[in-house]
Amino acid sequence: MHILVVEDEVKVAQALKEGLEREAYEVSVAASGEEGYYLLDAASFDLVILDLMLPGRGGLEILATLRGRDRGIPVLILTARDAVQDRVVGLDTGADDYLVKPFAFPELLARIRALLRRGRVELPMRLSVGDLEMDVDGRRVTRSGRVLELTSREFKLLEYLLRNRGRVVSREMLARDVWQETTRATPLDNVIDVHIARLRRKVDDGFAAKLIQTVRGVGFIVNEASA
Amino acid sequence: MRLSPRHVRTRLTLWYVGVLSGVLALYIAATLLLFQVFLRRQLDDSLRAEFERVEDLIEVAPDGTIAMGGHGNDDEPGPLLEVWSTDGKRLYRSEGSELGGPAPGIPTEWSLSSAVLSDGTRVRVLARSLRVGDRAVIVRIALSEEPSRHEWRELLLGLLFALPVAVAIAGLGGYWLVRRALRPLDHMARHAERLSADNLGERLPIDNPDDELGQLARVFNLSFARIEESFGQLRRFTADASHELRTPLTAIRAVGEVALQGQQDPQRYRDAIGSMLEEVDRLSRLVGSLLVLSRADAGPALGRQQTALLGLVRESVALLEILADEKGQRIDVKGDADVFAAVDGLILRQALINLIDNAIQYSPHGASIRVDVRRSAAREAVIEVADEGPGIPEADRSRVFERFYRLDKARSRQQGGAGLGLSIALWAVQAHGGRIEVWSEEGKGSAFRILLPEESVGGAPALGG
């Protein structure tokens, strides 16, 4: 999978390149609109990550030209302006998704995965990690065969974590995908933390292997972890 | 000459002088006209008197000629006198200039007209038919207009000389008066010019609070006070904002620098980076909140829809209930399910969430929090959030909505937010044209009351939207 990153901020571009390469993507970086334009002509890409605020040719201009050629490459735009108007313009111009700076890297990865698998979604109804098993349809969760009593919110939370098994899930992602909140206010972060703490108590208490872990400063991860 | 002079006083004076000149000119013209009429009437009266005198002196000689008895022997040049026959022959003429002109027609009554003699003298002529003996004759008498024209011209000259003098005196006086009246304005302007961030506390002196200038000064002073107030707020805000931004930055820097000192094991590095990321997260959220508020200052666009407020309250409570549960608190929601208002649910919800979260944070373990939805007597929609916290000291009540204002200075940033919650709540309510009232009793608790105005209340629920 070949990803083009059009981003003029060197540090951000470098971090994106390294991070994405670690996830086994092939990454090209363009530091300006012109360069991005040139690269898009020269090679074929599976996905474009486009900063909207670029020197020279702006991101929206590139996007418009790209869409004018009717190419179905998924485009994810990055913007420092999160005013609704800006998002709408971006999406109207033909972007497939957007992220507001500063964004959490796990979230970027999740968006990229979603864009790349677009069209072929298959959500398994049975999820598991280690000795934890979830039957999504039957709304049943067991660990080592013992049934766990979860509230519906806890169930959704655990389902989301399991679907992203092995990957870090940020609080932003939880706020948006599990709580369906558009703004992430301080109270909501506390709410998320309390729910995670309670879920962890139900899932991990009494077991040596702790499945739900906190990645400090980033978020949470469900893993078949070490003790 | 410039069409619009720079100073009001010059403009006022010019207008004044212009109007005064116009009025005086009209006055002079009217005076001259009246005087002229008066002079002519006087002349005409003299002519009639003359005619009556002459009437008795005309004699018909036996040869048919006309003679003037007793006439011509006094020295002063009398009026010109002519006697004509009705068939157009001149029968008699006094000495002096000829009246000239065609033979007069037969006048029926007093006939008065003006004429110019061959030597250029203007005269007033009276013609009248007269029966002398058995003959009908026409008598013409003329008097010079020159003396009265001379009088008239003298009056004209006098008035024309007096006009500019009068206007000049009035103009100077007017200018002086206007200047005197406007002097306080000059003073105010200079004061406002001098006004800067450093002397915002200064006020204009008010000599007479009841006259126009006094009122103006009062209005100025009120504006100055408001400017000073917003300056103060802005100043506090900037200081607070830089403090709030600097604190996480300091932590990031310190943690990073310490982590780089000497060799550490990977776990220590992980901790350091994680800790830095936590601070970054806090910074991001802070910047996010500030963005919300700055956009709010620009006036947000609301997507209003008829909403049942109780439903909105239950939703917000459901979200935060777990936080209360952690502290063993109870949230009691009650109220009127029929209270509808046209609100932007997402935005009003931010206010509710912040108020309820506040109540949870400030109430002690095991307390209960009351949320109440009702309609006031003034038909406003009321949402009240009451806690059992420590209460807010009187002095702080007006300031709790200020950005970054924290009641409990010792309270760490970990527990509370950045002190923007109530600011955001207030903004969200004000965006709907509403207000928030605070009630508090120290040691007993506080209540925040959202009041939404009547125009956003009631009405049939809108379709779609």
Side-chain angles (χ1 to χ4, degrees), chain A residues 11-12 15 19 79-88 99-107 150-154 157 168 170-176 178-199 201 213-221 226, chain B residues 252 255 267 270-289 291-292 294-295 298 300-301 303 315-316 318-327 346-347 349-361 413-421 424-425 428:
Chain A
K11 276 197 178 184
V12 177
T79 170
R81 298 178 298 189
D82 68 340
V84 176
Q85 197 53 41
D86 295 332
R87 303 178 197 178
V88 170
L99 265 182
V100 178
K101 290 178 173 181
F103 51 85
F105 195 70
E107 175 146 29
L150 299 184
T151 66
S152 71
R153 183 74 80 186
E154 285 164 353
L157 180 57
V168 181
S170 70
R171 285 185 181 85
E172 280 106 326
M173 292 162 78
L174 292 176
R176 195 194 53 235
V178 178
W179 270 267
Q180 267 97 37
E181 291 288 333
T182 44
T183 48
R184 183 179 159 228
T186 315
L188 187 59
D189 269 17
N190 296 338
V191 167
I192 292 174
D193 286 352
V194 173
H195 270 108
I196 288 277
R198 291 188 172 189
L199 180 63
R201 227 175 291 145
Q213 281 151 33
T214 301
V215 181
R216 195 170 170 201
V218 187
F220 310 98
I221 187 170
S226 46
Chain B
I252 293 171
V255 171
Q267 189 50 47
R270 283 181 169 281
D271 277 351
I273 294 170
S275 154
M276 289 161 78
L277 286 177
E278 280 170 7
E279 294 303 316
V280 168
D281 201 46
R282 182 166 304 148
L283 266 178
S284 311
R285 258 183 300 155
L286 182 59
V287 171
S289 300
L291 266 177
V292 167
S294 80
R295 220 172 287 137
E315 219 180 278
S316 313
L319 180 71
L320 298 176
E321 206 153 32
I322 193 165
L323 297 179
D325 194 47
E326 282 290 290
K327 293 182 77 174
L346 281 180
I347 288 182
R349 207 158 153 266
Q350 289 191 42
L352 290 173
I353 287 178
N354 279 309
L355 288 184
I356 296 168
D357 183 56
N358 232 41
I360 295 172
Q361 280 189 48
R413 258 166 286 277
Q414 312 289 350
Q415 268 196 58
L420 292 175
I424 291 180

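Throughout, a chain's letter reflects where its sequence line sits, starting with A, and its residues are numbered from 1. Everything quoted here is computed from the prediction, not taken from an experiment.
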Give the intermediate values and the outcome of side chain to side chain contact (heavy atoms under 4.5 Å, CB included) for residues Arg270(B) and Val215(A). CA-CA 9 Å; Arg270(B) 283 181 169 281; Val215(A) 181; 5.8 Å; no
Can you tell me which portion of Asp325(B) sits under 4.5 Å from chain A's heavy atoms? Options are side chain, backbone, both or neither. both
Segment of Pro102(A) engaging chain B (4.5 angstrom heavy-atom cut-off): side chain
Would you mind telling me which of Leu277(B), Ile322(B), Asp271(B) has the largest number of heavy-atom pairs within less than 4.5 Å of chain A? Ile322(B)
Looking at chain A, which one of Asn358(B), Asp357(B), Leu346(B) has the largest number of heavy-atom pairs inside 4.5 Å, strictly under? Asp357(B)
Does the Glu107(A) side chain pair with the main chain of Ala104(A), one donor and one acceptor, at a distance under 3.5 Å? no
Residues that Val280(B) engages under side chain to side chain contact (heavy atoms under 4.5 Å, CB included), provided they are two or more places apart: Ile252(B), Ser284(B)
Within a reach of under 6.0 Å around CZ of Arg216(A), are more than 12 heavy atoms found that belong to other residues, nucleotides or ligands? yes
Segment of Leu283(B) engaging chain A (4.5 angstrom heavy-atom cut-off): neither
With sequence neighbours excluded, tell me which residues meet side chain to side chain contact (heavy atoms under 4.5 Å, CB included) with Ser316(B). Arg349(B), Leu352(B), Ile353(B), Ile356(B)
Considering only heavy atoms, which portion of Gln350(B) lies under 4.5 Å from any heavy atom of chain A: side chain, backbone, both, or neither? side chain
